[in-house]
Amino acid sequence: MVTNVTSLGRSGLYDWMIQRATAVVVGVYVCVIVGFLLQHPDLSYEQWKAFMTTTAMRIFSVLSFIAVVAHVWVGLWTISTDYIKPMWLRLSFQGFCAVALFMCFVWAVLILWGV
Amino acid sequence: MMGQTRERRPTNIDMGSLFAYQFPLPAVTSILHRISGLIVFLMIPLLLWILDQSLSSLDSFEQLQECMSGFVAKFILWGTLSALFYHLIAGVKHLIMDMGIGEDLSGARVGAWIVLVLSIFTALLLGAWLW
Ligand code: HEM
């Protein structure tokens, strides 16, 4: 079996599974947000804030964002191993993605718990 | 015998002639899934900024509405959300095919058509919702 140190689950099969499980979580999250927006056509700030700051939604949002991070990491890993052949460039790209995703994650947590 | 194997040997083609081929629809929807995923990734900061502005205070909420009323802003948001929904729809098709449904050639064609029609439809709905 071919293993690769930069893959998330240490094997293609785990990565494959992680990408699918996280896709389902993010998909459900998007549907919940869309459902809420459809039910409130003239959304007010109070309604929106009340919805997003319930403990359940906060946890679901953070969970979904963790899922996005894992999903995108696997996705970008796949893309970078497909197209970027020079090792230093590939690793730089993956490093950049890791830092960017981490920063986005911290930002998301600050937004959700800051209000 | 030898001659036959030689002729059937796969050859590499360069990028230039690659685009001269007519790609089957499933190939197109598949690469669009990848591109749309990349676009959504690049747009995560924008989406987080919107989330931040929408939640911080009543002021920032109203500022956001103001800011999002311009054509360019709406267009960028429309493009981002269309990419997200394309990725989601094609992703669901992907998951269905992973379960072994529609894996043959005709199934792949039908699936690609369904993805295309549904995502154009949602892109139109998103446009109607934003404008
Ligand atoms: C914030 C949202 C999302 C982002 C930024 C994102 C990004 C990506 C990226 C960059 C890839 C790699 C593309 C490739 O390997 O060709 C990918 C793959 C994938 N995505 Fe997403 N995605 C998101 C949400 C979703 C959702 C909601 C679903 C489905 C319901 C989904 C389903 C999939 C599937 C099934 C794959 C695997 C494709 C493959 O194995 O070829 N994604 N995603």
Side-chain angles (χ1 to χ4, degrees), chain A residues 16-17 19-31 33-34 37-38 41-53 57-58 61 64-65 68-69 71-80 82-83 93 96-97 100-115, chain B residues 15 18 30-66 68 77 80-100 118-119 122 125-126 128-130:
Chain A
W16 185 89
M17 203 56 232
Q19 200 167 36
R20 269 118 197 105
T22 53
V24 172
V25 174
V26 184
V28 172
Y29 184 71
V30 171
C31 291
I33 298 285
V34 169
L37 291 179
L38 286 180
D42 289 308
L43 185 66
S44 73
Y45 174 67
E46 283 75 24
Q47 283 175 321
W48 175 238
K49 186 176 170 175
F51 175 64
M52 289 304 280
T53 51
M57 264 320 274
R58 273 185 171 149
S61 298
S64 303
F65 209 85
V68 168
V69 170
H71 183 90
V72 174
W73 174 257
V74 176
L76 291 174
W77 182 89
T78 312
I79 292 180
S80 64
D82 273 357
Y83 303 132
F93 175 79
F96 168 80
C97 291
L101 283 172
F102 177 72
M103 281 162 57
C104 285
F105 175 70
V106 173
W107 188 15
V109 171
L110 290 178
I111 295 171
L112 291 162
W113 255 273
V115 286
Chain B
M15 274 300 211
L18 188 64
S30 168
I31 192 64
L32 282 178
H33 183 238
R34 177 164 277 194
I35 295 170
S36 60
L38 203 61
I39 292 176
V40 179
F41 163 65
L42 293 174
M43 287 303 178
I44 287 177
L46 173 75
L47 297 174
L48 282 179
W49 178 78
I50 290 176
L51 183 68
D52 193 10
Q53 293 297 304
S54 73
L55 285 174
S56 292
S57 66
L58 182 55
D59 265 359
S60 66
F61 184 83
E62 282 168 352
Q63 262 170 14
L64 180 69
Q65 284 180 326
E66 175 83 22
M68 281 297 154
L77 186 60
T80 306
L81 293 180
S82 297
L84 174 63
F85 279 98
Y86 178 85
H87 189 85
L88 195 153
I89 293 166
V92 169
K93 191 207 74 163
H94 213 299
L95 297 179
I96 291 173
M97 283 180 96
D98 285 343
M99 293 188 291
L118 281 183
S119 50
T122 43
L125 283 184
L126 280 167
W129 178 64
L130 284 171

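Chain naming here is simple, since letters A, B, ... match the order of the sequence lines and numbering starts at 1 in each.
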Compare every heavy atom of [Y] with every heavy atom of [X], then report the nearest pair and how far apart it is.
{"X": "B:Y86", "Y": "B:S119", "answer": "CD1-OG, 3.4 Å"}
{"X": "A:R20", "Y": "B:H94", "answer": "NH2-CE1, 3.3 Å"}
{"X": "A:Y45", "Y": "B:L55", "answer": "OH-O, 2.7 Å"}

Spacing of B:M43 atom CE and B:L84 atom CG [to the nearest 0.5 Å]: 12.0 Å
Check whether [X] gets within reach of chain B through its side chain, its backbone, both or neither, counting any heavy atom under 4.5 Å.
{"X": "A:S44", "value": "backbone"}
{"X": "A:L110", "value": "neither"}
{"X": "A:V26", "value": "neither"}

Residue among B:G91, B:S56, B:G37 with most heavy-atom pairs under 4.5 Å to chain A: B:S56
Options B:L38, B:V40, B:D98, B:V92, ranked by heavy-atom pairs under 4.5 Å with chain A, top entry: B:D98
Aromatic ring pairing B:H33/B:H87, orientation class (parallel under 30°, perpendicular over 60°, tilted between): parallel
Between [X] and chain A, with a heavy-atom cut-off of 4.5 Å, which part of the residue counts as in contact: side chain, backbone, both or neither?
{"X": "B:L88", "value": "side chain"}
{"X": "B:I44", "value": "side chain"}
{"X": "B:L95", "value": "side chain"}

B:W129 CH2: over 12 foreign heavy atoms closer than 6.0 Å: no
